[in-house]
Amino acid sequence: MKIIYHPAYISLVKKLINERKEIGMTQAELAQKLAKHQSYVAKVEVCERKLDVIEFVEWCQALDLVASRFISNIE
C-alpha cells in the first residue's frame with residue numbers, strides 16, 4: 001500500500017486541515033506562507049500529493065505548530 005493511502009497518513013492530513021481551519025486560514029493564505037501555489041495545498045489536503053518530512057515541518061511552522069508536538073499527539 002502506498003503511504004499516501006495509509007490510514008495514519010490520511011489522519012495526519014485531516015488533523016493539519018483541522019488546524020488550518022481552526023485558526024481561520026484559507027488554503028490560499030497557507031500557500032502564500034509556504035511560497036507555493038494554492039493548488040499545492042489543495043493536492044496535499046485531498047491526498048493527491050504526499051508531504052515529505054521537511055515539507056511537513058514547514059507546513060507546521062506556517063500554522064504556528066510545533067511539528068514534534070503535533071506528531072506526539074498522533075502517536
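Values reported hereafter were calculated over all heavy atoms of this structure, with side chains retained and with hydrogens, waters and symmetry mates removed. From a predicted model like this one, the values you see are computed outputs, not experimental measurements.
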Full working for salt bridge (Lys or Arg N to Asp or Glu O under 4.0 Å) between Arg20 and Glu29: CA-CA 10 Å; Arg20 177 181 62 74; Glu29 291 167 335; over 6 Å; no

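- For the pair Tyr9 and Lys50, the tightest heavy-atom approach, listed with the atom from each and the gap, is OH-CA, 3.3 Å.
- By the 6.0 Å and 45° rule, Lys36 stacks over the aromatic ring of Tyr40.
- Residues Val46 and Phe56 do not share a hydrophobic cluster, defined by chaining ILVMFWY side chains whose heavy atoms lie under 4.5 Å apart.
- A search for salt bridge (charged side-chain N to carboxylate O under 4.0 Å, His left out) contacts involving Glu19 returns nothing, not counting sequence neighbours.
- By the 4.5 Å heavy-atom criterion applied to side chains, Trp59 and Leu30 are counted as neighbours.
- Nearest heavy atom pair, residue Cys60 against residue Leu16, reads SG-CD2, 4.4 Å.
- Taking 4.5 Å as the limit, some side-chain heavy atom of Ile71 sits within range of a side-chain heavy atom of Leu12.
- Scanning for side-chain contact (heavy atoms from CB on, under 4.5 Å) contacts around Ile23 gives Met25, Leu63, with sequence neighbours left out.
- Lys14 is linked by a side-chain contact (heavy atoms from CB on, under 4.5 Å) to Ile10, counting only residues two or more places apart in sequence or in another chain.
- With sequence neighbours excluded, the residues forming a side chain to side chain donor-acceptor pair (under 3.5 Å) with Gln38 are Gln27, listed by chain and number.
- Under the 4.5 Å side-chain heavy-atom criterion for Ile, Leu, Val, Met, Phe, Trp and Tyr, Phe70 and Val53 are members of distinct hydrophobic clusters.
- The side-chain contact (heavy atoms from CB on, under 4.5 Å) search around Lys43 returns Glu48, Arg49, not counting sequence neighbours.
- In the hydrophobic cluster analysis, where Ile, Leu, Val, Met, Phe, Trp and Tyr join through side-chain heavy atoms closer than 4.5 angstrom, Val44 is grouped together with Tyr5.
- Scored by the side-chain contact (heavy atoms from CB on, under 4.5 Å) test, Asp64 finds Lys33 as partners (sequence neighbours excluded).
- For the pair His6 (side chain) and Ala8 (backbone), a donor-acceptor distance under 3.5 Å is present.
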